[in-house]
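Keep in mind the model is a prediction, meaning the values are calculated, not measured.
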Amino acid sequence: MKSTYTDSGSCVEWARPEGAVLVRDSKRPQGARIPVQPAAWSALVDWVKE
């Protein structure tokens, strides 16, 4: 998913397959997808919202 708040095309994209979160740079869609633990991703999202 891409952020709906970006208009520059420079953002982080994420996917949430079963039991995981994968993150990548939108400028490099063929680049590496970084696996992140779901709990860590949720904590990051909560922190950003504050």
To the nearest 0.5 angstrom, please state how far the NZ atom of Lys49 sits from the CG atom of Leu44.
-> 11.0 Å

Nearest 0.5 Å, what's the CZ-CZ distance between Arg28 and Arg33?
-> 11.0 Å

In terms of hydrophobic clusters joined by side-chain contacts under 4.5 Å, are Leu22 and Val48 together?
-> no

Nearest heavy-atom approach of Pro38 to Gly19 is CG-O, 3.7 Å

For residues Trp41 and Val23, determine if any side-chain heavy atom of one lies less than 4.5 Å from a side-chain heavy atom of the other.
-> yes

On a heavy-atom basis, the closest approach of Arg24 and Ala32 is CB-O, 3.6 Å

